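For clarity, every value in this text was computed on a predicted model and none was experimentally measured.
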2 protein chains.
Amino acid sequence: MPTDITSTESQIRDYRLKLGDKIRQVREQRGYSQEQLADMMDINRSTISKIENGKFSITVDYLVRFSISLDYEFKVIER
Amino acid sequence: MPTDITSTESQIRDYRLKLGDKIRQVREQRGYSQEQLADMMDINRSTISKIENGKFSITVDYLVRFSISLDYEFKVIER
DNA sequence: ATTAAACAGCGGGGGCAACGCTATAAATTC
DNA sequence: GAATTTATAGCGTTGCCCCCGCTGTTTAAT
């Protein structure tokens with residue numbers, strides 16, 4: 001029996017937004033602008049903006065990059 | 001100054017493989033075949049095989065699906 | 001009040017990798 | 001050796017992400 005799809009989809013949406021907020025929060029805590037962090041991670045600045053605003057679902061490769069540059073351990077899903 | 005790219009890339013590759021192993025480990029621990037899990041997650045069975053063998057980098061959306069169906073909290077990156 | 005500079009949001013075209021789908025072979029278990 | 005499970009390959013589609021550009025907001029200096 002499949003997990004309830006409606007619930008799953010909303011959890012996915014919720015987590016995407018939560019992750020964006022968390023990235024922004026940690027970035028600001030570290031004192032980085034989007035541009036500074038983008039340079040450190042060697043990715044595009046507008047991409048960071050879109051990620052922080054939950055515009056799309058990033059790959060784990062990129063989440064690892066954030067984790068390294070921000071020195072922060074992300075949890076999927078936080079319980 | 002950008003983070004050392006060589007190191008970053010190897011960490012990304014390492015994590016991709018570690019994540020695949022972890023997914024397989026938890027799946028077997030739960031007693032699911034790849035097909036059973038694929039049905040639960042409403043994704044393709046061959047995709048699960050490829051992910052467990054680190055053939056590509058999954059999106060966070062999919063990691064959330066795994067987390068829900070396996071009832072397991074993934075950490076990026078584990079410290 | 002005006003200007004400049006720093007920062008962030010967002011739209012859109014384009015390339016390519018993620019993922020679906022199907023089939024086949026290989027491995028594992030009985 | 002049959003049945004089940006898994007690996008892998010090829011091809012098509014979708015969407016992540018790059019890259020460029022413009023806008024809006026804020027702050028500071030003049």
Value in whole Å for how far the [atom2] atom of [N] lies from [atom1] of [X]:
X: B:Lys55; N: C:dG20; atom1: NZ; atom2: P; result: 17 Å
X: A:Glu52; N: C:dC10; atom1: CD; atom2: C1'; result: 14 Å
X: B:Phe56; N: D:dG10; atom1: CZ; atom2: P; result: 16 Å
X: B:Lys50; N: C:dA18; atom1: NZ; atom2: C1'; result: 10 Å
X: A:Asp61; N: D:dG15; atom1: CG; atom2: P; result: 20 Å
X: B:Arg45; N: C:dG20; atom1: CZ; atom2: C1'; result: 12 Å
X: B:Glu35; N: C:dT29; atom1: CD; atom2: P; result: 18 Å
X: A:Phe66; N: D:dC17; atom1: CZ; atom2: P; result: 9 Å

Requested in this report: Measure from the side-chain heavy atoms of B:Gln34 and tell me the nearest of D:dA7, D:dG21, C:dA18.
Outcome: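 For B:Gln34, the side-chain atoms sit closest to D:dA7.
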
Query raised in the report: From D:dA7, D:dC16, C:dT22, pick the nucleotide closest to the side chain of B:Asn44?
Result: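 It is C:dT22.
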
Query raised in the report: Is there a side-chain contact between B:Tyr72 and B:Phe66, using heavy atoms and a 4.5 Å cut-off?
Result: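 B:Tyr72 does not reach B:Phe66 side chain to side chain.
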
Query raised in the report: Closest nucleotide of DNA chain C for A:Arg27 versus for B:Arg16: which of these residues is on the 5' side?
Result: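 With A:Arg27 and B:Arg16 compared, the 5'-side residue is A:Arg27.
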
**Report entry** Toward the 5' end of DNA chain D, by each residue's nearest nucleotide, B:Ile48 or A:Tyr62
**Finding:**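 Here B:Ile48 is the residue nearer the 5' end.
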
Query raised in the report: Is it true that a side-chain atom of B:Arg45 and a backbone atom of B:Gln34 form a donor plus acceptor pair closer than 3.5 Å?
Result: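 Side chain of B:Arg45 to backbone of B:Gln34, a donor-acceptor pair under 3.5 Å: no, none is there.
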
Under 4.0 Å between a Lys/Arg side-chain N and an Asp/Glu carboxylate O for [X] and [Y]?
X: A:Arg27; Y: A:Glu52; answer: yes
X: A:Arg65; Y: B:Glu9; answer: yes
X: A:Asp21; Y: A:Lys18; answer: no

With a cut-off of less than 4.0 Å, is there a side-chain N or O of [X] near OP1 or OP2 of [N]?
X: A:Thr59; N: C:dA17; value: no
X: A:Thr47; N: D:dC18; value: yes
X: B:Ser49; N: D:dT6; value: no

Query raised in the report: Does a distance-only test, which skips hydrogens and angles, find a donor-acceptor pair under 3.5 Å between the side chain of A:Ser46 and the base of D:dC19?
Result: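 Pair found.
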
Requested in this report: Would you mind classifying the nucleic acid contact of B:Ser33 as base, sugar-phosphate or nothing, using non-hydrogen atoms under 4.0 angstrom?
Outcome: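 Counting heavy atoms under 4.0 Å across all strands, the contact made by B:Ser33 is with sugar-phosphate only.
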
